[in-house]
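Report on one structure; see the data block that follows.
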Amino acid sequence: MAIIIRTPKAIALLSLKSSLQYEETMKRKSPPCPFGNAFKELRKSLGIKQSQIASRTGRTVQQISEIERGDREPRFSTLLLLAYSLGISPEELVRITAQSMPEPIILLREDAEKDL
């Protein structure tokens, strides 16, 4: 099996092997989203339960739990709802959670310039 990608300059042929490598890479679990833990600490400090956040945002308790564990990154629209459910502005939520998150580490492959 091969995947053909048509580009203006050329036609690239990707082998099955590289396609499978890509699929395996995509299946790997990404590191947890650091926003979740910061949000959880903020929610607890305000004395608000996950079930209250869920009912205020229209999300399920499971979805809130996944965000807090870092298994799910909230969409922008959910981020807005999370802020309002805590009774704070989205800017304040971002500021508070960003303060408690570690500095990002950016790793680049040697051949990363080719991808840009």
Side-chain angles (χ1 to χ4, degrees):
M1 178 180 152
I3 299 172
I4 299 174
I5 301 172
R6 295 175 192 257
T7 62
K9 294 182 180 179
I11 296 176
L13 182 62
L14 302 176
S15 68
L16 177 60
K17 181 180 177 184
S18 63
S19 297
L20 291 176
Q21 287 172 342
Y22 176 77
E23 287 177 26
E24 287 302 315
T25 301
M26 297 307 292
K27 287 180 187 177
R28 290 186 200 135
K29 190 170 181 170
S30 59
C33 174
F35 169 82
N37 192 50
F39 176 78
K40 178 180 180 179
E41 294 302 317
L42 177 59
R43 175 187 61 76
K44 285 183 169 186
S45 72
L46 295 172
I48 301 173
K49 297 179 179 182
Q50 281 184 343
S51 58
Q52 292 173 301
I53 298 293
S55 66
R56 293 175 186 176
T57 60
R59 304 302 188 260
T60 65
V61 173
Q62 180 179 354
Q63 289 172 320
I64 301 302
S65 178
E66 289 171 351
I67 290 170
E68 290 186 353
R69 285 193 316 266
D71 293 341
R72 171 183 284 208
E73 287 188 43
R75 291 182 177 174
F76 183 72
S77 58
T78 302
L79 188 69
L80 297 176
L81 292 171
L82 292 173
Y84 296 134
S85 72
L86 296 175
I88 61 175
S89 69
E91 296 86 0
E92 188 71 6
L93 176 61
V94 170
R95 186 186 63 74
I96 292 169
T97 55
Q99 287 175 346
S100 63
M101 293 193 304
E103 288 292 320
I105 298 173
I106 300 172
L107 301 174
L108 294 176
R109 298 186 329 256
E110 286 182 28
D111 61 343
E113 289 181 11
K114 295 176 190 173
D115 296 338
L116 299 176

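Worth saying up front: this structure is predicted, and the values here are computed from it rather than measured. Computation of the quantities below employed the complete heavy-atom set of this structure, encompassing side-chain atoms and omitting hydrogens, waters and symmetry-equivalent molecules.
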**Prompt:** Which is it for T57 and I64 under the side chain to side chain contact (heavy atoms under 4.5 Å, CB included) test, yes or no, and what are the steps along the way?
**Reply:** CA-CA 9 Å; T57 60; I64 301 302; 4.1 Å; yes
**Request:** Identify which one of Q63, E73, R59 satisfies the side chain to side chain donor-acceptor pair (under 3.5 Å) criterion when paired with T78.
**Result:**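 With T78 as partner, side chain to side chain donor-acceptor pair (under 3.5 Å) holds for just one option, R59.
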**Item:** Which residues share a salt bridge (charged side-chain N to carboxylate O under 4.0 Å, His left out) with R56, sequence neighbours left out
**Value:**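 Not a single residue meets the salt bridge (charged side-chain N to carboxylate O under 4.0 Å, His left out) criterion with R56.
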**Request:** Could you tell me whether a side-chain N or O of E41 sits under 3.5 Å from a main-chain N or O of A38, the two making a donor and an acceptor?
**Result:**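 It does not hold such a pair.
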**Prompt:** Any idea which heavy atoms bring S85 and I53 closest together, and the distance?
**Reply:**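 Of all heavy-atom pairs spanning S85 and I53, the closest is OG-CD1, 3.3 Å.
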**Request:** Determine, using the 4.5 Å side-chain heavy-atom cutoff (strictly less than), whether L42 and L82 are members of one ILVMFWY cluster.
**Result:**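 L42 clusters together with L82.
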To the closest 0.5 Å, what do you measure between [atom1] ([X]) and [atom2] ([Y])?
X	Y	atom1	atom2	result
L81	R75	CG	CZ	12.0 Å
I48	L86	CD1	CG	5.0 Å
Q50	K40	CD	NZ	7.0 Å

**Request:** Kindly indicate, with the supporting measurements, whether the criterion side chain to side chain contact (heavy atoms under 4.5 Å, CB included) is fulfilled by T97 and N37.
**Result:** CA-CA 9 Å; T97 55; N37 192 50; over 6 Å; no
**Message:** Go through it in stages, so that I can follow the logic: the residues are F39 and L79, the test is side chain to side chain contact (heavy atoms under 4.5 Å, CB included), and I'd like the CA-CA distance, side-chain angles, deciding distance and then a yes or no.
**Reply:** CA-CA 10 Å; F39 176 78; L79 188 69; over 6 Å; no
**Request:** For side chain to side chain contact (heavy atoms under 4.5 Å, CB included), just list the numbers for F35 and L93, CA-CA rounded to whole Å, side-chain angles, deciding distance to a tenth of an Å, and then say yes or no.
**Result:** CA-CA 10 Å; F35 169 82; L93 176 61; 4.1 Å; yes
**Side chain proximity check, Q52 to R43, heavy atoms < 4.5 angstrom** =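 SC-SC contact between Q52 and R43 ruled out.
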**Message:** Quick test of your reading of the model: are R72 and E66 salt-bridged, counting only N-O distances below 4.0 Å?
**Reply:**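 A salt bridge links R72 with E66.
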**Message:** Does E92, at its CD atom, have more than 12 non-hydrogen atoms belonging to other residues, nucleotides or ligands within less than 6.0 Å?
**Reply:**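 Yes, the 6.0 Å shell around CD holds more than 12 heavy atoms from other groups.
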